[in-house]
Amino acid sequence: MSDCIRARGEGSEGALPISQDVTCYLSHLESGKKLMYPQHEDRRTHLFLISGHVEIHCSDGNFNLKPGDAARIRKSCDLQITSTDSEPAEFVLVDLP
C-alpha cells in the first residue's frame, strides 16, 4: 500500500513492530484512485473508513462505505478499494488470522 503508515507483527522494514500476527495500515487514498489488496485464504480483513467514500469490490460484490462505516471480509479474494468522493479517503485496514 502506498501513502500509508503500517504496523506489523513480523519484522518488516518501515513498519512499526508489534507482538501479534496482525498488520495494520492507516491509508490515504486520493480521489478516483484504486488500491488492490490481495487477501490470503487463512486471513481476515477489516476496513474502517475514517473520511471520504470508498467502494469495495470483492468476490461477494460491490459495497459502498461512507465515513464511520466498517467492513469485514472473510473470504479469500483480491480486494479492490476505490475512493469515490471528490475528497481523499482515509481508512484503517487490518489484516489478521
Side-chain angles (χ1 to χ4, degrees):
M1 285 188 162
S2 61
D3 199 14
C4 71
I5 298 170
R6 180 172 53 150
R8 189 165 192 175
E10 58 187 53
S12 181
E13 187 175 328
L16 174 69
I18 54 177
S19 298
Q20 297 295 319
D21 183 15
V22 64
T23 303
C24 301
Y25 300 92
L26 174 59
S27 190
H28 178 89
L29 188 60
E30 291 296 326
S31 177
K33 298 291 184 177
K34 294 180 183 180
L35 173 71
M36 296 298 292
Y37 188 78
Q39 186 184 29
H40 301 285
E41 187 67 38
D42 58 341
R43 309 290 291 179
R44 293 177 304 194
T45 303
H46 296 262
L47 189 143
F48 305 93
L49 188 60
I50 299 167
S51 64
H53 292 80
V54 297
E55 179 181 79
I56 298 174
H57 175 76
C58 64
S59 58
D60 283 342
N62 295 334
F63 304 94
N64 293 301
L65 302 181
K66 60 185 184 312
D69 285 348
R72 178 177 63 182
I73 300 94
R74 291 185 266 182
K75 290 185 177 178
S76 177
C77 66
D78 288 335
L79 296 177
Q80 178 179 306
I81 303 165
T82 305
S83 176
T84 58
D85 198 5
S86 60
E87 298 294 321
E90 288 187 300
F91 57 90
V92 174
L93 189 142
V94 180
D95 176 293
L96 64 153

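With hydrophobic clusters built from ILVMFWY side chains whose heavy atoms lie under 4.5 angstrom apart, I50 shares a cluster with V94.
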Worksheet item: Would Y37 and D95 satisfy side chain to side chain contact (heavy atoms under 4.5 Å, CB included), going step by step from the backbone distance to the final call?
Response: CA-CA 10 Å; Y37 188 78; D95 176 293; 3.0 Å; yes
Worksheet item: Given R43 and D21, is the side chain to side chain contact (heavy atoms under 4.5 Å, CB included) satisfied, shown in steps?
Response: CA-CA 10 Å; R43 309 290 291 179; D21 183 15; 3.0 Å; yes
Worksheet item: Stepwise, does the side chain to side chain contact (heavy atoms under 4.5 Å, CB included) test hold for V54 with D69?
Response: CA-CA 10 Å; V54 297; D69 285 348; over 6 Å; no
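In this structure, OG1 in T45 is found 9.0 Å from NE2 in H40, a value given to the nearest 0.5 Å. Summarising the geometry, atom CG belonging to L47 is positioned 13.5 Å from atom CZ belonging to R72; distances are rounded to the nearest 0.5 Å. Put simply, CG on L93 and CZ on F48 are 9.0 Å apart, with the number rounded to the nearest 0.5 Å. In this structure, the separation between CZ on R74 and NE2 on H46 is 8.5 Å, given to the nearest 0.5 Å. In this structure, the separation between CG on N62 and NE2 on H57 is 5.5 Å, given to the nearest 0.5 Å. With rounding to the nearest 0.5 angstrom, the CG atom of L79 is 8.0 Å from the CE atom of M36.
In terms of modelled atom types and a separation under 3.5 Å, the side chain of S76 and the main chain of Q39 share a donor-acceptor contact. The main-chain N or O of K34 is never found under 3.5 Å from a side-chain atom of T82 such that the two would form a donor-acceptor pair.
Each of V92, L65, I56 was checked for a side-chain contact (heavy atoms from CB on, under 4.5 Å) with L49, and the lone residue meeting it is L65. Partner H53 forms a side-chain contact (heavy atoms from CB on, under 4.5 Å) with one of P67, S86, S83 and no other, that one being P67.
Residue Q80 places its CD atom among more than 12 non-hydrogen atoms of other residues, nucleotides or ligands, all under 6.0 Å distant.
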